[in-house]
Amino acid sequence: MADTTLMSIPGQVDPVPVARDITPREDGRVDLIGLARPRIRELFGEAGLDDRQAKLRSKQVFHWLYHRGVTEFDAMTDISKTMRPWLAERFVIGRPNVVEAQHSSDGTRKWLLQTDDGHDFEMVFIPDADRGTLCVSSQVGCTLNCTFCHTGTMRLVRNLTPGEIVGQVMLARDALGEWPKGKMDFAFEDDETDESAAHYTADGRLLTNIVMMGMGEPLYNFDHVRDALNLVMDGDGLALSKRRITLSTSGVIPMMERCAEEIGVNLAVSLHAVTKPVRDEIVPLNKKYGIEELLQACADYPKASNARRITFEYVMLKDKNDSDEDAHELVRLLKHFDLPAKVNLIPFNPWPGAEYECSTPERIRSFSNIVFEGGISAPVRTPRGRDIDAACGQLKTAAQKKSRAERDREAAATS
Ligand code: SAH
Ligand code: SF4
């Protein structure tokens with residue numbers, strides 16, 4: 001078991017088990033992935049380096065970890081050959097363990113991952129013509145029980161650590177072969193780099209966008225999601241712009257302002273219904289934080305963060321939330337709150353045992369037209385990766401449908 005501690009967070013289930021930022025490993029070494037730069041410097045100091053050395057080495061190591069994606073200290077060529085084993089004795093460079101990697105016929109890729117203490121979670125990569133989006137998980141399971149979401153049928157196992165969250169992005173870069181190669185773009189004082197002189201370019205990347213839309217409610221794991229995304233956005237590391245990151249919440253109002261201030265990424269809000277009885281049923285968090293309150297919090301959000309339009313997600317459930325009246329009410333509400341909004345209509349993705357059906361294509365078109373005519377963009381999101389259960393709301397399937405024994409058998413058969 002991971003060493004967990006109880007953290008109090010606002011929500012239905014409170015407190016929840018939270019993994020510590022440093023989960024002790026059996027061998028006593030510390031995983032550097034997920035730690036903020038000052039923390040790495042501090043640890044180097046505690047391990048015996050003087051101030052100047054700790055500062056310099058932490059800067060170098062950070063660059064190798066997050067800009068170059070190396071997983072061995074031995075690859076850090078501007079760090080002296082005697083220093084590298086010293087680091088390797090005390091620290092490790094972790095990645096989530098890959099249990100299974102699947103490819104959809106539409107190019108979508110899904111990875112079933114595992115934490116060091118044996119919990120499964122998933123991440124999905126969705127390539128498009130002009131972008132590539134990584135869908136990242138924030139928790140193993142979810143405390144909220146949205147009735148149309150497969151993840152919502154799992155209980156919350158635990159929050160993912162910053163390292164496990166940023167580790168998903170790093171693993172995706174590993175798998176896509178997207179770490180820059182060639183000459184480093186800056187030199188250190190005692191640079192002994194022996195790399196090739198080839199320059200690299202950041203253009204033409206496959207992974208261009210990140211959405212916090214995998215398993216879990218990111219605002220119920222606020223600190224870890226913030227720390228992980230700050231690493232993703234760090235200009236000396238992965239350097240992804242906050243404009244290319246979207247955090248999706250089911251409406252955890254008390255954390256939205258902090259999300260704007262401390263993370264500042266784009267916000268997507270899972271609205272899914274425009275009346276209290278329907279939203280209470282399908283997004284039970286609505287009983288705690290209602291629609292009007294949520295839309296007011298959204299109206300306040302861009303002012304705090306200068307974020308662009310808020311995206312509202314709306315899952316299309318047959319005979320539940322998909323009438324013309326619902327569409328008109330949606331337009332009225334968004335106008336009432338004067339929200340610079342875009343509505344993403346998501347065809348419901350089925351999973352075994354789900355109580356809902358997807359709205360018909362005609363119904364979805366009619367709904368979309370009404371919202372468009374109201375002056376709000378309302379594209380229908382094409383489901384991706386349905387054949388490998390990678391589409392929105394389908395995550396859990398792979399993680400739980402196979403037993404460990406089955407997976408071991410499969411692994412043995414393919415090796
Ligand atoms: N917990 C966060 C983020 C993860 S879910 C949230 O709820 O916003 C990402 C999106 O997929 C959410 O809008 C969610 O409501 C939607 N979703 C969940 N189950 C779905 C399903 N079966 N079909 C289509 N979309 C679904
Ligand atoms: Fe949790 Fe989001 Fe699924 Fe609701 S839709 S159960 S908040 S993951």
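Ligands are counted one by one from 1 in listed order, and the atoms in each one are counted from 1 as well. Predicted, not measured: the structure shown is a model, and the values here were computed from it.
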Would you mind reporting whether R244 and I210 have side-chain heavy atoms less than 4.5 Å apart? no
For atom 6 (S) of ligand 2, closest protein heavy-atom neighbour: L144 O, 3.2 Å
Atom indices of ligand 1 within 4.0 angstrom of W351 heavy atoms, with elements: 22 (N)
Closest non-hydrogen atom pair between S104 and G385, with its separation: OG-CA, 3.6 Å
Could you confirm whether C146 has any N/O/S atom lying under 2.8 Å from atom 4 (Fe) of ligand 2? yes
Under 4.0 Å between heavy atoms, the region of V269 that gets near ligand 1 turns out to be neither
Side-chain donor-acceptor pair present, S137, E122, cut-off under 3.5 Å: no
What atoms of ligand 1 come closer than 4.0 angstrom to any heavy atom of C149? 18 (C), 19 (N)
Within the structure provided, determine whether I263 and L247 are in side-chain contact (heavy-atom separation under 4.5 Å). yes
Find all atoms of ligand 1 within a distance of less than 4.0 Å from any non-hydrogen atom belonging to T249, and give their numbers and elements. 6 (C), 8 (O)
Can you report which non-hydrogen protein atom sits closest to atom 9 (C) of ligand 1, along with the distance? M213 O, 3.6 Å
Would a 4.5 Å heavy-atom cut-off, applied to side chains only, mark Y356 and V315 as touching? no
Can you list the atoms of ligand 2 that are under 4.0 Å from a heavy atom of C142? 1 (Fe), 6 (S), 7 (S), 8 (S)
Check: F148 ring centroid to H272 ring centroid under 6.0 Å: yes
So if I count the atoms of ligand 1 from 1 in the order they appear, which ones are less than 4.0 Å from some heavy atom of I346? 24 (C), 25 (N)
heavy-atom search around atom 25 (N) of ligand 1 in the protein gives C392 CB, 3.4 Å
Minimum heavy-atom separation for A88 and F73, please, with both atom names. CA-CD1, 3.7 Å
Counting only nitrogen or oxygen atoms and a 3.5 angstrom limit, does V315 reach ligand 1? no
Closest protein heavy atom to atom 2 (C) of ligand 1, given as residue, atom name and distance to 0.1 Å: S248 O, 3.4 Å
Using side-chain heavy atoms (C-beta onward) and a distance below 4.5 Å, is M83 in contact with R57? yes
Ligand 1 atoms in contact with S270 (distance to a heavy atom under 4.0 Å): 6 (C), 7 (O), 8 (O), 12 (C), 13 (O), 15 (O)
Nearest protein heavy atom to atom 17 (N) of ligand 1, by residue and atom, and its distance? F148 CE1, 3.7 Å
Proximity of E313 to ligand 1 by residue part, where a heavy atom lies under 4.0 Å: side chain
Flag the pair C298 / V269 as yes when at least one side-chain heavy-atom distance between them is below 4.5 Å, and no otherwise. yes
Any atom of ligand 1 sitting under 4.0 Å from a heavy atom of H272? yes
For G216, is at least one N or O under 3.5 Å away from an N or O on ligand 1? yes
So which heavy atom in the protein is nearest atom 3 (Fe) of ligand 2, and how far is it from that ligand atom? C149 SG, 2.4 Å
Which heavy atom of M76 sits nearest to which heavy atom of I93, and what is that distance? CE-CD1, 3.9 Å
Taking atom types as modelled and ignoring hydrogens, do the side chains of S366 and D324 form a donor-acceptor contact shorter than 3.5 angstrom? yes
Minimum side-chain heavy-atom gap W86-L49 below 4.5 Å: yes
Mark yes or no: R37 above the aromatic ring of F62, with NZ or CZ under 6.0 Å from the six-membered ring centre and no more than 45 degrees from the axis. yes
Measuring from non-hydrogen atoms of G214 to any atom of ligand 1, is the shortest distance under 4.0 Å? yes
Between ligand 1 and Y356, can you find any atom pair, the residue atom being a heavy atom, that is separated by under 4.0 Å? no
Report yes if the side chains of I370 and H328 come closer than 4.5 Å at any heavy-atom pair, otherwise no. yes
Is there a heavy atom of P347 sitting under 4.0 angstrom from any atom of ligand 1? yes
Proximal ligand 2 atoms for G152, defined as those under 4.0 Å from one of its heavy atoms: 6 (S)
Any atoms of ligand 2 less than 4.0 Å from a non-hydrogen atom of S250? List them with their elements. 7 (S)
Note: W179 and R95 closest approach over all heavy atoms is CZ2-NH2, 4.1 Å
How far is atom 19 (N) of ligand 1 from the closest protein heavy atom, and which atom is that? G393 CA, 2.9 Å
For atom 23 (N) of ligand 1, the closest protein heavy atom turns out to be N349 N, 2.9 Å
Identify the protein heavy atom lying closest to atom 2 (Fe) of ligand 2, giving its residue, its atom name and the separation to 0.1 Å. G216 O, 4.5 Å
